[in-house]
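A short worksheet on the structure shown next.
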Amino acid sequence: MPEATRESLAAVLDEIALLLEVEGANPFKTRAYRNGAEIVRTHDEDILALAKANELGNIKGIGEALQQKLHELATTGKLEFHEKLRGNYPDSFFDLFDLEGIGPKKVGALHKELGIDSIAALKTACEENKVAALSGFGKKTEQKILESIARRETFADRFSLVVAAPIAEEILDQLRAHPEVLRAQYAGSLRRSKETVGDLDFIVATNKPAELTDYFSKLDLAHEIIVLGDTKCSIRLENGLQCDLRAVSNAQFPFALQYFTGSKEHNVAVRSRALKKGLSLNEYGFTGKGELPDVHDERDIYKALGLDYVEPELRENRGEIEAADAGELPQLVSWENLRGTFHNHTTESDGKATLEEMAQAAIELGLRYLGIADHSKSSPQANGLHPDRLLRQVDKIRAWNESHGDELHIFAGSEVDILKDGSLDFNDEILAQLDYCVASVHNAFSLSEDDMTKRIIRAMENEHVTMIGHLTGRILLRRDAYAVNHDKIIDAAARTGTIIELNCNPKRFDMDWRWWHKARDKGVLTSINPDAHHPSQLQFLRFGANIARKGWLRKQDVLNTRTLEEVKEYLGVS
DNA sequence: GCCGTTTTCGGCCCGACTGTTTTCAGTCG
């Protein structure tokens, strides 16, 4: 029996809620289970230990029934009530909930009436027109189910910022160009700078909402209209990305923007704070007895609740409300603070542009310094450099600085492979000739967490290693992180004075934003690096600043906000 | 299933939209 974890407890409660819903139980009962799952996930004591000790009695939302069930789960790793409920359905049944347009009720009806327990079975039933004949279903529903199944096979359910961000900017421009639009903004996870997005949300302030939803549905980018009403519209683009518009009055705008920016968890906390002040908050405004606060923008909403303004990136209910209450929110780093960057490639290894072209792009972007760090010899797949080529590149960079250094200073570095045992791909004699060194893992991903952590810490202990590149090796939407113990790495970084890179290539965003606050508090410095393989990728710095903000980082936590002179001093180079 | 200065029953968040209905249930956010 697998050991119970916080997440396994929560997942069982969520699954019970789902199955109760399928079977038509009291909706408030299912909500109680969902609510219980959320409490298990977010409670700030050791919930597993409390459950084992059967001491959950004092937590609001966990009653006698849930307490008993969590105790059984925590001590035995399973729950008879759950197994009984779950026993009726195969694993494939749960895939049905991934489909858009059908929820627990319809899934329940399909299972009860037609015995459908997988997407394949549902597809067949639709093709045989058996679904349209069911009560509560019809021709259109059947068609939508088939389209949803096809879409699931064709499209991703989340999108990279490289894809989504430019689209969002374009749609926002088009909304702002409409004469009836007073204010417009995107909301949702993009505004919060999540590392990937599931869909795009737009809010417009207007006196002609129906005109705007109509306009939105007819955008050139709109490939399909999902819903179209007088105040909201959803479209799907050709690449499968869903975009939602809410059209509200100018007075409602700040409330709608705040509400649809989320996160859900942040909003729950904000609303409960409002209730304590005798105010009810929803996407349209405050309601309550007496005089209501005067609200013109989002800041006024937070102010009315006695809170400092919470930047969208921080709205994840990870301590920002408490900090806003205490006046202790950080002054976040911004994109304009960045003066240079490290970890960039050229055609010497696997980059697509020469040293000169990369330098030119950095100048155009307004950077004062640029770090080059091509791959080392143990990455032959990336055309990694042997020492002789590396040292020739160093000479070339020194020559550039002689002639162009007043405009852009280039730091000569290397992205050195951390070998399986934690030793480095170049010896100390070579490393000593560089201005700095990014050490990264590029192979042997399947080491145990313990071995991988030791491997990276050994590299950090080398005095020539300036920073650790893409700590976990994850490729978003494609490859999971390798196992590594973040706590131990952060402690080692603090102890050895090693920088942990914030790799802001949107396919990586590594280290994950959730760890930066802790790293910062332990005095760990970061460098926001685009890992650019093309001049245009230097622009990733903008995403990088957003992710840093999401990790609560301030200007002083980021090496590349420093002046050239300060960086030279830090690196000990002239 | 949870909760309570409305205290052991009765309420729990809700508005917009669609499709299947003929006044409303289900889905979504």
Side-chain angles (χ1 to χ4, degrees), chain A residues 13-14 16-40 56-70 81-82 85 96-110 131-145 147-148 187-189 197-203 209-210 213-214 216-217 224-236 242-248 252 255-268 270-272 274-275 280-285 287:
Chain A
L13 295 187
D14 268 334
I16 290 172
L18 189 65
L19 293 172
L20 288 174
E21 234 174 342
V22 165
E23 303 196 343
N26 176 351
F28 297 106
K29 186 169 168 176
T30 65
R31 184 186 300 169
Y33 277 96
R34 274 224 173 86
N35 187 35
E38 196 54 33
I39 291 165
V40 167
L56 295 168
N58 291 325
I59 302 174
K60 191 163 176 278
I62 307 284
E64 223 169 285
L66 282 181
Q67 185 182 357
Q68 181 275 319
K69 288 187 170 72
L70 286 168
F81 176 74
H82 171 245
L85 203 56
L96 293 168
F97 299 98
D98 293 344
L99 296 174
E100 281 172 62
I102 60 173
K105 296 289 177 194
K106 287 210 153 59
V107 167
L110 289 164
V131 170
L134 291 181
S135 163
F137 292 73
K139 250 328 327 126
K140 282 200 170 176
T141 304
E142 192 173 76
Q143 195 53 39
K144 286 207 158 180
I145 290 172
E147 285 166 12
S148 180
S189 52
V197 298
D199 58 14
L200 297 179
D201 301 289
F202 299 89
I203 317 291
T213 55
D214 184 63
F216 189 75
S217 75
E224 176 197 346
I225 298 170
I226 303 167
V227 296
L228 172 59
D230 288 345
T231 64
K232 64 182 271 190
C233 175
S234 295
I235 57 174
R236 197 180 330 272
Q242 181 175 330
C243 302
D244 300 336
L245 176 76
R246 301 275 174 159
V248 297
Q252 292 168 337
F255 295 98
L257 182 61
Q258 198 279 333
Y259 183 89
F260 288 106
T261 296
S263 65
K264 198 179 76 198
E265 294 76 16
H266 174 84
N267 285 351
V268 167
V270 169
R271 282 201 302 271
S272 91
L275 284 175
S280 172
L281 175 66
N282 66 18
E283 64 259 56
Y284 301 111
T287 51

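Order of the sequence lines fixes the chain letters, A, B, ..., with proteins taken first and strands second; residue numbering starts at 1 for each chain.
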If the [atom1] atom of [N] is compared with that of [M], how far apart are they to the nearest Å?
N: B/dC9; M: B/dC14; atom1: C1'; result: 24 Å
N: B/dA16; M: B/dG10; atom1: P; result: 31 Å
N: B/dT21; M: B/dG26; atom1: C1'; result: 12 Å
N: B/dC13; M: B/dT8; atom1: C1'; result: 24 Å
N: B/dT27; M: B/dT20; atom1: P; result: 13 Å
N: B/dC17; M: B/dG11; atom1: P; result: 29 Å

Legend entry - Polar side-chain atom of A/Thr213 near backbone of A/Gly229 as donor-acceptor pair, under 3.5 Å: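 At least one qualifying donor-acceptor pair exists.
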Inset, instruction - For the pair A/Ser148 (side chain) and A/Glu100 (backbone), establish whether a donor and an acceptor sit closer than 3.5 Å, ignoring hydrogens and angles. - result: yes
Going by side-chain contact (heavy atoms from CB on, under 4.5 Å), name the residues that satisfy it together with [X], two or more places apart in sequence or in a different chain.
X: A/Lys140; value: none
X: A/Tyr284; value: A/Val248, A/Gln252, A/Asn282
X: A/Glu265; value: A/Glu38, A/Ser263, A/Asn317

Using the test salt bridge (Lys or Arg N to Asp or Glu O under 4.0 Å), find all partners of [X] that sit at least two apart in sequence or belong to another chain.
X: A/Glu142; result: A/Lys139
X: A/Asp98; result: A/Arg152
X: A/Glu224; result: A/Arg236

Just checking [X]: base, sugar-phosphate only, or nothing, at a heavy-atom cut-off of under 4.0 Å?
X: A/Glu64; answer: sugar-phosphate
X: A/Lys60; answer: sugar-phosphate
X: A/Tyr284; answer: sugar-phosphate

Inset, instruction - Please list, chain by chain and in numerical order, all residues satisfying ring-ring contact (aromatic ring centres under 6.0 Å, His included) with A/Phe137, sequence neighbours excluded. - result: none
Legend entry - Contacting residues from residues 96-106 of chain A, given that a heavy atom lies under 4.0 angstrom of DNA chain B: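 Result for residues 96-106 of chain A: A/Glu100, A/Gly101, A/Ile102, A/Gly103, A/Pro104, A/Lys105, A/Lys106, sorted by number.
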Inset, instruction - Identify, residue by residue, the members of residues 23-31 of chain A with a heavy atom below 4.0 Å from DNA chain B, and return them in order of residue number, or none. - result: A/Asn26, A/Phe28, A/Lys29, A/Arg31
Legend entry - Set of residues satisfying side-chain hydrogen bond (donor to acceptor under 3.5 Å, both in side chains) with respect to A/His82, sequence neighbours excluded: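 Listed in chain order: A/Glu15.
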Inset, instruction - Name all residues meeting the side-chain hydrogen bond (donor to acceptor under 3.5 Å, both in side chains) criterion together with A/Thr141; count only those two or more places apart in sequence or in a different chain, and write none if there are none. - result: none
Inset, instruction - Could you say whether A/Tyr33 or A/Asp244 is positioned toward the 5' end of DNA chain B, judged by the nucleotide with the nearest heavy atom to each? - result: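 The residue closer to the strand's 5' end, by nearest nucleotide, is A/Tyr33.
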Inset, instruction - By nearest nucleotide on DNA chain B, pick out whichever of A/Ala65 and A/Arg271 is the more 5' one. - result: A/Ala65
Legend entry - B/dT8: pairing nucleotide in any strand, Watson-Crick or G-U under 3.5 angstrom: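 By the stated definition (distances under 3.5 Å), nothing pairs with B/dT8.
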Legend entry - Heavy-atom contact window of chain A on DNA chain B, given 5' to 3' at under 4.0 Å: B/dG1 to B/dG29
Inset, instruction - Working to the nearest 0.5 Å, report the span between CG of A/Asp244 and CD1 of A/Ile203. - result: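 Answer rounded to 0.5 Å: 9.0 Å.
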